[in-house]
Amino acid sequence: MKKSTILKLVLSAVIGTSCLTANAQVFTGLLGNSTSMTASNNSDNQFSPALDQKNFFTAGMRIPFNPKGTVYFAAQATGTFDLFLLDSQPEISFGLDLDLFKMNASFQTRDKKAALLSIGRFPVTDITGIIYSQSVDGLLLQLKTQRFSSTYSLAYTGLLNGLNICELDSNGLPATPGAAVMLEDYAIYQFGSPYLIATGSFSAPYLFANQTVGLELFGVAGLPGINVSQVDDPFRLYATLYINGPVTRFMFYDLTSTVETFGAFQKLANLSTFHLSIYPGFLSSSITLGTTYASGAQAGEDGILTSFVPFTKLTAVNSKDELNFSAVSKASFDFSCKPISDLWLNIGYAADFKNPGTEFTYFGSEINLKGIYQIFTDLQVNLGASVFIGANPADNKYAASLNAVISF
């Protein structure tokens with residue numbers, strides 16, 4: 001998924017949570033700068049650096065309709081300026097997006113039953129964070145009791161900005177976006193690939209020994225859109241079974257397994273993840289060990305197991321070509337801590353493998369460093385650096401980034 005998409009999902013959460021106690025109209029804003037540099041070998045096998053300079057402004061509002069603020073309207077829009085420089089060739093782009101536009105109503109009864117209804121445009125993600133993680137236009141209903149929780153949604157993607165969100169078709173290729181809205185020579189908005197999305201999730205919190213068990217269903221079907229159509233793309237269904245909970249009071253785990261089906265269930269694919277998190281009890285630190293497996297298939301194979309294809313394009317391996325979660329496996333380690341209250345640090349390592357069919361081939365290793373410093377309550381600075389060292393040096397990639405956000 002493009003970095004701007006991840007940024008917008010984070011900003012939606014920041015603006016949404018900053019207004020939770022409001023009983024009157026609230027208006028918020030974010031002004032940000034993002035500078036990143038990457039370096040890898042180009043098609044001529046020569047070392048080629050690239051610079052991406054992005055500035056953005058985000059404005060948000062929240063209007064409650066009752067004293068408790070449980071019924072409200074929220075909206076958020078973002079404007080961006082992006083300068084990308086590769087081999088001394090500048091590319092300039094402008095963007096305008098409506099990240100959030102929804103009516104929200106929540107209700108709770110005396111016996112602690114609760115319901116939440118959202119209608120409009122809002123961000124969604126699945127339990128794995130890998131299959132789909134983006135904004136959608138539609139409606140969402142969430143029901144909760146003390147022992148059971150369920151969520152249902154129906155949404156459409158053809159009105160989203162395809163410049164910021166990339167969906168994958170059933171072949172694992174970027175789905176074709178629709179018509180573009182131009183400002184002089186610049187495309188500032190492009191209607192997205194048209195898909196109908198239906199989801200249902202069911203979970204039983206603390207079913208036994210404080211363990212939570214759940215099932216998520218996610219179906220996607222191609223539809224006609226604005227100057228584009230995805231009706232020929234086969235229907236896909238993702239079914240995810242998950243379980244998570246504590247092992248001890250300082251150790252927690254989560255395990256997921258997803259089966260993806262294509263068309264008339266003639267092909268199956270699998271995505272499985274496991275994470276074990278340990279909290280040592282000093283400096284607010286955590287250690288996480290993880291594994292991810294996304295099935296793959298050899299070209300020309302005629303078996304029932306095929307390559308897993310997520311719906312939202314996300315980066316699985318931060319190599320030169322930025323592989324997505326298809327025919328890829330990972331083993332990862334992360335350590336994070338807060339040496340002081342306003343500083344968060346993280347170091348991560350991952351060993352990456354390609355697994356077309358039943359063979360696993362070492363692809364490379366990546367190391368990531370991150371730091372977030374809350375200088376003031378309204379000023380945050382993020383630093384990041386990463387390196388990918390491939391089994392083939394042509395896949396090597398080096399990256400560094402600096403981000404600053406001012407809120408008001």
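Only heavy atoms go into these numbers, but all of them, side chains included; no hydrogens, no water, no symmetry mates.
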Any chance the rings of [X] and [Y] have centres within less than 6.0 Å?
X: Y195; Y: F311; answer: yes
X: F353; Y: F360; answer: no
X: Y189; Y: F191; answer: yes
X: F81; Y: F56; answer: no

Donor-acceptor contact below 3.5 Å, side chain [X] vs main chain [Y]:
X: E216; Y: I127; value: yes
X: N346; Y: K370; value: no
X: S326; Y: F308; value: yes
X: S295; Y: T306; value: yes
X: T38; Y: Y398; value: no
X: Q211; Y: P246; value: yes
X: D52; Y: L85; value: no

side-chain hydrogen bond (donor to acceptor under 3.5 Å, both in side chains) with T199: which residues, sequence neighbours excluded?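 With neighbours one apart ignored, the set is S153.
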Looking at residues at least two apart in the chain, or sitting in another chain, which of them share a side-chain hydrogen bond (donor to acceptor under 3.5 Å, both in side chains) with Q374?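 Residues passing side-chain hydrogen bond (donor to acceptor under 3.5 Å, both in side chains) with Q374: Q380.
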Measure the shortest side-chain to side-chain distance between [X] and [Y] over non-hydrogen atoms and say whether it is less than 4.5 angstrom.
X: K112; Y: K144; value: no
X: L237; Y: E260; value: no
X: Y238; Y: V220; value: yes
X: I389; Y: V387; value: yes
X: V317; Y: D395; value: no
X: I92; Y: F94; value: yes
X: I197; Y: T157; value: yes
X: V381; Y: L402; value: yes

Taking only residues two or more places apart in sequence, or in another chain, which ones meet Y132 in a ring pair (Phe, Tyr, Trp, His ring centres under 6.0 Å)?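 In terms of ring pair (Phe, Tyr, Trp, His ring centres under 6.0 Å), with neighbours along the sequence ignored, Y132 is linked to F218.
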Under 3.5 Å, is there a donor-acceptor pair between the [X] and [Y] side chains?
X: S277; Y: T288; answer: yes
X: S386; Y: N318; answer: yes
X: E167; Y: Q134; answer: yes
X: S329; Y: N355; answer: yes
X: D126; Y: T128; answer: yes
X: S106; Y: T70; answer: no
X: Q146; Y: Y206; answer: no

Return the minimal non-hydrogen interatomic distance between A351 and S365, and the atom names on each side.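 So the minimum-distance heavy-atom pair works out to CA-OG, 4.2 Å.
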So which heavy atom on K320 is nearest to which on S40, and how close?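 Looking at all heavy atoms of both residues, the shortest contact is CG-OG, 3.9 Å.
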Is it the case that over 12 heavy atoms from other parts of the model lie below 6.0 angstrom from the [atom1] atom of [X]?
X: F376; atom1: CZ; value: no
X: Y349; atom1: OH; value: yes
X: D232; atom1: CG; value: no
X: Y253; atom1: OH; value: yes

Could you state the interatomic distance from [atom1] ([X]) to [atom2] ([Y]), rounded to the nearest 0.5 Å?
X: I287; Y: M251; atom1: CD1; atom2: CE; result: 9.5 Å
X: S135; Y: D99; atom1: OG; atom2: CG; result: 6.5 Å
X: T58; Y: L31; atom1: OG1; atom2: CG; result: 9.0 Å
X: L323; Y: K330; atom1: CG; atom2: NZ; result: 9.5 Å
X: Q142; Y: S201; atom1: CD; atom2: OG; result: 7.5 Å
X: N210; Y: N244; atom1: CG; atom2: CG; result: 11.0 Å

Which is it for Y373 and W344 under the side-chain contact (heavy atoms from CB on, under 4.5 Å) test, yes or no, and what are the steps along the way? CA-CA 7 Å; Y373 185 33; W344 178 84; over 6 Å; no
For V136 and F122, run side-chain contact (heavy atoms from CB on, under 4.5 Å): C-alpha distance rounded to whole Å, both residues' side-chain angles, the deciding distance at 0.1 Å, then the answer. CA-CA 6 Å; V136 294; F122 45 84; 3.8 Å; yes
Evaluate the criterion side-chain hydrogen bond (donor to acceptor under 3.5 Å, both in side chains) for residue pair S150 and Y152; output intermediate values, then yes/no. CA-CA 7 Å; S150 62; Y152 313 88; 3.2 Å; yes
Any cation-pi pair here, R62 with Y72, using under 6.0 Å and within 45°?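 Yes - R62 lies over the ring of Y72, closer than 6.0 Å to its centre and within 45° of its axis.
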Yes or no on side-chain contact (heavy atoms from CB on, under 4.5 Å) for Y156 and L223, after CA distance, side-chain angles and deciding distance? CA-CA 9 Å; Y156 177 66; L223 292 177; 4.0 Å; yes
For T291, which residues count as a side chain to side chain contact (heavy atoms under 4.5 Å, CB included) partner, sequence neighbours excluded?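 If we apply the side chain to side chain contact (heavy atoms under 4.5 Å, CB included) test to T291, skipping adjacent residues, the hits are F274.
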Please step through side-chain contact (heavy atoms from CB on, under 4.5 Å) for the pair D233 and V231, ending with a clear verdict. CA-CA 5 Å; D233 197 16; V231 293; over 6 Å; no
Starting from the C-alpha separation in whole Å, work towards a yes-or-no answer on side-chain hydrogen bond (donor to acceptor under 3.5 Å, both in side chains) for T256 and T240. CA-CA 7 Å; T256 74; T240 302; over 6 Å; no
Sequence-distant partners of D169, salt bridge (Lys or Arg N to Asp or Glu O under 4.0 Å), two or more places apart: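 With sequence neighbours excluded, D169 shows a salt bridge (Lys or Arg N to Asp or Glu O under 4.0 Å) to no residue whatsoever.
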Going by salt bridge (Lys or Arg N to Asp or Glu O under 4.0 Å), name the residues that satisfy it together with K397, two or more places apart in sequence or in a different chain.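 For K397 the salt bridge (Lys or Arg N to Asp or Glu O under 4.0 Å) partners, ignoring immediate neighbours, are E322.
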Any idea how F363 and F388 line up, ring-wise: parallel (<30°), tilted (30 to 60°), or perpendicular (>60°)?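 If you compare the ring of F363 with that of F388, the planes turn out tilted.
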Just do the side-chain hydrogen bond (donor to acceptor under 3.5 Å, both in side chains) check on D321 and S319 with the steps written out, would you? CA-CA 5 Å; D321 295 329; S319 58; over 6 Å; no
Between R121 and D137, does any NZ, NE, NH1 or NH2 come within less than 4.0 Å of an OD or OE carboxylate oxygen?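 Salt bridge: yes.
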Test log, rule side-chain hydrogen bond (donor to acceptor under 3.5 Å, both in side chains), inputs N270 and S257: CA-CA 7 Å; N270 177 251; S257 187; 3.3 Å; yes
